[in-house]
Amino acid sequence: MTAKTLLDIKGVETYYGNIRALSGVDVAVNEGEIVALIGANGAGKSTLMMTIFGTPRARRGTITFAGTDITDMPTHEIARLRIAQSPEGRRIFPRMTVMENLQMGASLDNLKYYDEDVEKVFTLFPRLKERIGQRGGTLSGGEQQMLSIGRALMARPKLLLLDEPSLGLAPLIVKQIFDAIRELNRTQGLTVFLVEQNAFGALKLATRGYVMVNGVVTMSGTGKDLLADPEVRAAYLEGGRH
Amino acid sequence: MANIAQASREETASPLQHGLREAFYAGIIAFGLFFLFIGLKTDQNISNELVLVPRWGLLTIVVGLVMLGRFLYVAYAQPFMARQKIVDVASGLLPDSVATRFFRLPYFIGALVVAAVLLLFAGSLDGIFGSGLAGYLRFFRALAIIYALASVLFYFRAFIHNHFSALGVGVLIAYPIVVVLILALLTGSMAGGFQGSLKWVDNFGIQILIYVMLAWGLNIVVGLAGLLDLGYVAFYAVGAYAYALLATQLGWSFWILLPVAGIMAAFWGVILGFPVLRLRGDYLAIVTLAFGEIIRLVLINWREVTNGAAGISGIPKVSFFGLMSFNVSDPNYIAKVLGIAQSGAYYKIFLYYLILGLALLTAFVTIRLRRMPVGRAWEALREDEIACRSLGINTTTTKLTAFATGAMFGGFAGSFFAARQGFVSPESFVFLESAIILAIVVLGGMGSLVGIAVAAAVMIGGTEILREMEFLKHVFGPDFTPELYRMLLFGMAMVIVMLWKPRGFVGSREPTAFLHERKAVSSSFTKEGHG
Ligand SMILES: Nc1ncnc2c1ncn2[C@@H]1O[C@H](COP(=O)(O)OP(=O)(O)OP(=O)(O)O)[C@@H](O)[C@H]1O
Ligand SMILES: [Mg+2]
């Protein structure tokens with residue numbers, strides 16, 4: 001694969017106070033790829049996602065996005081480079097309506113696509129359209145997840161970061177979301193970097209995958225290879241859904 | 001706790017027995033609480049010695065009233081409310097079923113008749129009944145008028161609810177005119193109307209509107225951006241002193257200094273904003289509290305400039321846009337220009353409209369800003385700061401603009417205050433003021449302009465009304481000064497409102513049409529549950 005590297009993470013170390021959560025992570029996401037990151041609870045996956053956005057900041061190493069060094073860039077400027085995230089815990093705005101939440105996601109420098117994008121999100125999640133005027137905080141968990149992903153899509157991102165998009169969703173909806181990601185990736189060339197506990201689904205969807213253990217990447221390869229790998233199967237797949 | 005413990009016995013006890021028992025407990029608690037507060041009083045005797053004066057009578061009365069109140073509440077009011085299947089109606093004032101019993105046509109007519117008769121004989125009340133009884137009658141008359149007004153409001157509640165803002169502004173604009181006309185009718189002369197209106201326009205109108213404006217300004221910081229600011233009065237002080245100093249030293253006019261004061265206050269808002277950028281919640285509150293105190297201490301101690309605790313007096317009045325003056329000695333004094341009788345009321349009425357305009361400006365700007373990216377960013381900031389940043393919002397500038405905008409309106413209000421009083425001193429800018437303004441914002445429902453205006457009217461108007469309660473002197477003796485109890489009542493009212501409506505008068509946030517929204521948002525969805 002000779003595609004251009006969109007996101008390049010090199011030797012990143014992140015600390016919470018004195019606790020080292022990431023100890024030298026190397027991950028690369030190429031343009032047009034879907035990359036999955038799997039790992040046990042507390043491995044540091046969400047920390048990596050947030051480190052890309054600069055909260056918390058990497059203490060060592062570099063993060064490059066589309067040729068720009070974003071390691072020390074303020075978070076809001078990173079976001080304006082068109083990296084969008086549906087973070088862990090969803091972080092939607094609870095007192096704002098569904099519509100207002102989506103508006104918050106819209107990039108303000110490019111409002112001409114606004115109507116079109118809202119329509120796209122609603123085709124993706126018709127559920128949100130039904131609840132357009134409802135407060136974010138009163139949505140069900142799954143609906144909040146949809147809203148969080150929808151809000152991220154409103155930014156017309158070049159790179160979409162998803163932290164456990166399947167969390168709390170019914171299997172049918174999970175399938176829908178994975179299909180939607182694949183669709184966005186195929187038709188619009190959207191690059192996706194996602195963290196998943198649903199390793200089977202994620203690796204099947206992904207072009208490539210990484211396995212993280214205790215703050216370091218221990219394995220990487222194409223989704224198919226990882227799915228076939230006995231170690232991965234033992235640690236993340238056996239006993240799970242196949 | 002007591003309620004839970006008694007839940008099991010409840011089935012067997014009748015409401016009456018239950019009420020008696022609760023009254024007994026309430027009596028014990030009240031006795032314990034008030035024994036030292038009310039039962040004993042320290043005083044000085046003739047030879048300046050400190051003596052303890054027991055007031056057993058008063059203590060008995062207070063404890064008795066508490067017991068009676070608790071008994072009536074538990075034995076009658078509680079079962080009654082339970083039977084009523086309380087539904088909080090759209091008007092939110094009272095459960096509908098109770099309200100319709102309370103407001104009935106015969107009662108309304110009765111109240112009108114009582115008020116009319118007592119008004120007709122207003123002048124001769126003292127002569128007929130003696131001053132004591134006349135005081136009670138005047139209080140009774142006020143109650144009748146309030147009841148009649150409340151009935152009208154209740155009858156038109158749906159209409160009022162739908163057109164609240166427009167009606168509110170209309171009433172505020174008409175208020176001084178109506179007051180003057182009514183008083184003119186009662187006293188039989190226009191001059192009498194103007195003279196009598198002073199109290200109503202100044203003590204009630206202007207006073208309330210100043211707090212409405214301050215609370216609306218603080219609402220931008222606390223209600224919208226969610227930054228708890230306990231030192232808001234500092235910006236009020238900056239505005240007041242900016243006008244006081246520049247007007248007395250340089251002789252500049254109010255109309256130039258108003259924006260100057262606003263800009264200076266906004267500047268100080270940014271100064272405060274920088275160090276507290278990383279703080280939230282309690283920590284932010286403490287730093288802003290300290291900031292408010294620092295400004296006040298600087299005003300007290302920087303004597304060369306601020307004249308210290310003595311304050312600055314002789315602050316010039318506002319002119320009528322430079323065309324007419326309100327100083328009797330000036331050649332362009334308003335009464336001379338217009339050829340009407342001299343009266344101090346013109347200035348007050350003018351000030352009333354000035355502060356009304358300033359307050360409406362605050363509201364207008366707030367409403368506009370909420371529909372713009374910056375206002376939306378403020379609200380998002382209140383909800384989730386990290387999410388804000390990862391959506392590309394610069395939280396630094398967002399916070400600073402919130403502080404600066406809120407401070408600017410505080411500064412406007414401050415310069416108005418200085419012009420109205422003609423005198424400023426650090427005493428006007430104590431922490432209590434910040435607390436009152438914040439209390440109004442919280443009571444009104446953070447973020448809601450209408451709720452805040454209502455809260456300001458109730459709280460400030462309520463404490464002003466206390467000054468009118470002369471008849472209380474007949475109850476508690478001639479030494480009784482009702483004003484001293486205003487903070488007590490303020491606190492009580494807050495507790496009651498917070499129990500009754502934990503999110504403030506208007507607790508649900510109104511969604512804004514920010515970008516071109518093509519779908520009308522169904523309002524049934526947007527109502528939030530209590531939580
Ligand atoms: N704010 C924080 N302060 C201190 N330690 C933290 C903080 N956030 C995370 N950690 C620690 O860092 C480690 C990595 O956490 P992280 O949230 O990245 O895990 P994860 O891989 O996303 O796990 P999960 O699959 O459960 O979401 C954990 O040990 C966690 O306890
Ligand atoms: Mg995680």
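Convention: sequence-line order gives letters A, B, ...; per-chain numbering from 1.
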- prompt: Do any of residues 67-76 of chain A come closer than 4.5 Å to chain B, heavy atom to heavy atom, and if so which ones, in number order?
  reply: A:Thr75, A:His76

query: Are more than 12 heavy atoms from other residues, nucleotides or ligands located less than 6.0 Å from atom CZ of B:Phe267?
result: no

field: From A:Asn101 atom CG to B:Glu383 atom CD, the distance as rounded to the nearest 0.5 Å
entry: 8.0 Å

field: Contact origin within A:Phe53 toward chain B - heavy atom pairs under 4.5 Å
entry: side chain

- request: Using heavy atoms and a sub-4.5 Å threshold, report which of residues 386-406 of chain B line up against chain A, by residue number.
  value: B:Ile386, B:Ala387, B:Cys388, B:Arg389, B:Ser390, B:Leu391, B:Gly392, B:Ile393, B:Asn394

task: Could you grab the distance from atom CZ of B:Arg376 to atom CD of A:Gln103, nearest 0.5 Å is fine?
output: 5.0 Å

query: Would the number of heavy atoms belonging to other residues, nucleotides or ligands and lying under 6.0 Å from CH2 of B:Trp268 be above 12?
result: no

- line: With chain B, the option among A:Glu77, A:Met96, A:Met50, A:Arg90 that has the most non-hydrogen atom pairs under 4.5 Å is A:Met96

Side-chain heavy-atom pair A:Arg95, B:Glu379 within 4.5 angstrom cut-off: no

- prompt: Taking atom NZ of A:Lys120 as the centre, does the number of heavy atoms from other residues, nucleotides or ligands within less than 6.0 Å exceed 12?
  reply: yes

